[in-house]
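Following: one structure in structure tokens, then a few remarks.
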Amino acid sequence: MNSTNMLLAAPELWVMVMACVILIVDLYLGEERRGIIHMLAILTLVFAAIITLRADYAADGVREAFAFNGSYIRDTMGDVLKLFSFLILAIVYTYAKFCLRQFRMFRADFYTLSLFALLGVMLLISANSLVMIYLGLELISLSSYALVAFDRDSRLGSEAAIKYFVLGSMASGMLLYGMSMIYGATGTMDLGQVAQAVRSVGSDDPLLVFGLVFLVVGLAFKLGVVPFHMWIPDVYQGAPVVTTLFISSVPKMAAFAMAIRLLQTGLVDMQADWSQMLSILAVLSIILGNVAAIAQTNIKRMLAYSTISHMGFVLMGLLPGTAMGYGAGMFYVIVYSLMSAAGFGMVILLSARGVEAEKLDDFKGLNQRNSWYAAIMAMVMFSMAGVPVFVGFFAKWMVIKAALDAGLMWLAIIAVIFSVVGAFYYLRVVKLMYFDEPLTEAEIDAPVDFRAAISLNGIMMIGLGIFSSSLIAVCMASFGA
Amino acid sequence: MSLKTILLLIPLLPLAAAAVAGLFRNQVGRAGSHWVAILGVGVSFFLSAYVLYLQVFGNLETLNYSVYTWMVSDGIRFEVGFLIDHLSALMMTVVTFVSFMVHIYTIGYMAEDPGYQRFFSYIALFTFSMLMLVMSNNFLQLFFGWEAVGLVSYLLIGFWFKRESAVAAGLKAFLVNRVGDFGFLLGIAAILYCFGSMDYSEVFGQAGSISGETVSIVAGFEWQWITVICICLFIGAMGKSAQAPLHVWLPDSMEGPTPISALIHAATMVTAGIFMVARMSPLFELSDAALSFVMLIGAVTAFSMGLVGIVQNDIKRVIAYSTLSQLGYMTVALGVSAYSAAIFHLMTHAFFKALLFLGAGSVIIALHHQQDMRFMGGLRKQMPITWITAWIGTLALIGFPFMSGFYSKDSIIEAVHASTRFGSDVAYWAVLLGVLITSFYSFRLLYLTFHGQPRYRVDVGAGDHPPDGILQHAPKESPLVVTVPLILLAIPSIVIGYMTIEPVLFGGWLSDAIMVLPQNDAVAEVGSHFHGPVAMVTHALGTAPFWLMIGGFVLATFIYQVRPSMADQLQQKMPRLHRILENKFYVDEFYQSVFVRRVINIGNGLWKKADAGLIDGVLVNGSARLVGTISERIRLWQSGFLFQYAFAMIVGLIGMIAIWVMLK
């Protein structure tokens, strides 16, 4: 445990090296050969996945391994989340290539920034000390701020980036403050040792509780749950749609991992406290997210509020503090990321010639224009609404079951009622697509890799629903449930 | 290739074919879609036959395994699993063979239809669903297959969706089947309640444990659980297998294209109910009451539907009523615990009834979609292959010695005769007289269609849609894609009974799937007098069924060949009887006035008062307005000002500190 053991972090090292390589290669490429950047980025992800899959640390019985003197951890949960990060980022790149070309923004910046953000995501997922958590988080945040302001000429984008930056810095400050409290109370940065120290200090130590509140606030901001959600609608709407696509999917998995590392590994003895905090945040998010989404006419904003409610559901999985609950939360966050990618992918698909299709009305009569794309969007909406057979249903079902098993009946009832409220705005999209007349007859055109990716992404909604048990089993196994 | 892979491929190949032919219909084109569908179903047939071959000659054991666990809830497993024993292997082979023939035939029959690819996609999907149904090892998958074949059936009845009558027929089939399926679902729910499992082997293994347990459905009446379960399941079978009084949808289903009538509404889907009861024999055996009910329903259907068949003029409807009557025979067999006889008749019937339907289809194409037999006649000269195969089908249907139908139908009649179950004497008379009726309407159909003088006129200048009785072109024999399936179906129609009666019926070949209590075993009683298929014929020459069959033949020949005017005279002499039969015992009218009209009235009332007024007005729109208002208010908080956002965060932080740090 005390060795450096660098090779364990090979996936991270590889992504870091490749991000730098792409940065340099781009200098030598002209406008018309930018496609190479895209290929390199996809290649990076494929090899990162292969390296991750060669999990040779997992010798018989050993399920986790440490590097960098215990501040870095490899385990099943981390590997699975990383693999899905790669998959989703590959989908994101496929959507992004088409979108960036259309908007004449096809530069390497998007790729390098998002690869550095991915590095942050990977570090955060594998973090086993407070410092590493902060490091990963900041790497994601800084890259994300830049990505939001990526379209330099967009006034909305710059405004969103400033808001994101200021609020994000506040949240980072709070998190850091919380970490310092924890450090003060326990005298260690290592999460495993924090857990031991908490046991000896006693979980009702005021300093620890104070620190916990600040940690949860930082976490809540990252997840975007009420009342730390205000940035989400503005940033989702203001940022270029490719950026929204990215920040709504991959970093959420990192935020989930951060919650697990901090709360389950580090502060497990304070479960009674953080459980209460999370349950209030979860309830507020599920209520506000679903109700506010109804009033939106902008689909990016609508999906932003939908994200808030989904994150409430993820918290619902976390807060019982059971292995089943953690597994359910993990399943939910993976499923959410896939759904979100598909949803924003559809927005990109409908965006024609540099104009983002961000109005709900842009989806009117989609079935008449192209019935397959309408079917994909319908599957995504059904899945987000939690209609049975689609994968979103199983995700909701499992977190609600976890809450019920923990005796949180009131929470489950609120979750179900507001899922029904939420079904309204998801199904409204379906209604617009199938029962309204299209505003334009323009042909929907996309390159073949885009079509393949969005079809695959859409089929996952029903495919993962029917064959949900294997993914659920993997998530459960990550926590030994 | 391992056996499990083969078994998985059998249903999945048709599914894949359906997906390709349906979803990529424009890419693969007409020829592409029929090739892919025929290939999928054809390979599936050969694999099924291979599995059957392994069972017959390779001593393949019964396989019962789970393919995929969908979920586990409260200890109950929801699975996809296969139970491959002799019964399911036999069904798989019959289903895929008939389906394969129908696929080939469709190339000729639907050649000019704009919905060509859609049709192939549907029938391949049907084959998949039917295979899932028969291969299942649990009730969930059984129900899935059950509903899936139903779905494809409605889609295909309403295949020509621009024709109002076709749409209405599809709706009727759907509604009537809802009634049956409701019973079926209740039956499955009762099984789940009593046994806590959906798995066949677990349920059958515990079946004895609930004998004697009762339930009080109506206060004061105690019912045996097992009887309730069996009757509920059988109500499902009544819907799917069109037993009186839920038979009304099947004749109307003839609105669908003829290949479908052959495949779904004669050979395979409608026999799903028969198959299901046979599969459930370990349950049904425990309830004499349920079996008596099954037998009487079957007897009523077998007798009365044959009678209606006599007065029909539409060639397909005659065969449809004949199907109803034959399904009644199978049901009677189930009712006297002669499950293997029912399955045996199911198999022979699948071949000869598919043959008859496809033959009728061949005639219909030749006459440019004329289905009324009053405008046919004398077609034997123009259509020799269709004519000969139709004769073979007819002889098999009426049970002419050595033909397949003879062995299966005679066995059923003998088994009913041997049975001692309550009501079996009534059933015996019903099935016995049924033979006379079957023979009569079958020969009537043959004579009106193929013999005598043509009752149509050929007029080249008649235009595209000439009135009844006038054809633009002279009828001619159908192309090879139509006649080859006829010939291939004619062969088993002749020989399959002779070849297989001994093992299937008396050799205990199905005994790994079918459970019969010794005191109920009517088949064994019949089997004790069985000395080979030839001896069975010589013995039959001296019995009532044979002479009744000859009687039907003589009567039909006399009325329709010797004295053609007699049919009309008889009709005028017995106007009341004729009217009752022509109106099919007024069952449709009864349903229309008792159920349909009332349901429509209730529906209208609920719609206007309850739905539009209370639910839409107060609950839905009211709560929607409320949520909308709240939503608008929340929107105001999202002001866009950074300081307000930061303020919200600070408030949240302070609130949390207040609760957890200060108060605790």
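Each chain gets a letter, A, B and so on, in the order its sequence line appears, and its residues count up from 1.
There is no contact between A:Phe424 and chain B, counting heavy-atom distances below 4.5 Å. Proximity to chain B (any heavy atom under 4.5 Å) is shown, for A:Ala220, by neither the backbone nor the side chain. Contacts of A:Leu284 with chain B are absent, with no heavy-atom separation under 4.5 Å from either backbone or side chain. In this structure, the portion of A:Trp397 lying under 4.5 Å from any heavy atom of chain B is its side chain and not its backbone. Both the backbone and the side chain of A:Val291 come within contact range of chain B, each with at least one heavy atom under 4.5 Å from a heavy atom of that chain. There is no contact between A:Val226 and chain B, counting heavy-atom distances below 4.5 Å.
The 12-atom threshold is not exceeded at CH2 of B:Trp607, counting heavy atoms of other residues, nucleotides or ligands nearer than 6.0 Å. No more than 12 heavy atoms of other residues, nucleotides or ligands lie within 6.0 Å of CZ in B:Phe641, so this atom counts as exposed by the packing criterion. Heavy atoms of other residues, nucleotides or ligands lying less than 6.0 angstrom from OH of A:Tyr177 number 12 at most. In this structure, A:Met324 places its CE atom where only 12 or fewer heavy-atom neighbours from other residues, nucleotides or ligands lie under 6.0 Å away. Atom CZ of B:Arg178 has more than 12 heavy atoms from other residues, nucleotides or ligands within 6.0 Å. With a 6.0 Å radius and a threshold of 12 heavy atoms from other residues, nucleotides or ligands, B:Tyr193 has its OH atom at or below the threshold.
Counting all heavy atoms, side chain and backbone alike, A:Ser469 lies closest to B:Thr69 at OG-O, 3.3 Å. Between B:Gly640 and A:Glu159, the closest heavy-atom pair is O-OE2, 4.3 Å. Contact between B:Met649 and A:Phe228 at its shortest, heavy atoms only, is O-CE2, 3.3 Å. Considering every non-hydrogen atom in both A:Pro227 and B:Gly652, the closest pair reads CG-CA, 3.8 Å.
Residue with the most contacts toward chain B among A:Val209, A:Asp234, A:Ile294: A:Asp234 (heavy-atom pairs, distance under 4.5 Å). Among A:Gln296, A:Met170, A:Lys401, A:Met174, the residue with the largest count of heavy-atom pairs under 4.5 Å with chain B is A:Met170.
Separating the CD atom in B:Gln638 from the NE2 atom in A:His229 is a distance of 5.5 Å, to the nearest 0.5 Å. Note that CE of A:Met277 and CE of B:Met656 are 5.0 Å apart. Values are rounded to the nearest 0.5 Å.
When atom types are taken as modelled, the side chain of B:Trp70 and the backbone of A:Ile466 share a donor-acceptor pair closer than 3.5 angstrom.
Just one of B:Ile657, B:Ile650, B:Leu653 meets the side-chain contact (heavy atoms from CB on, under 4.5 Å) condition when paired with A:Val217; it is B:Leu653.
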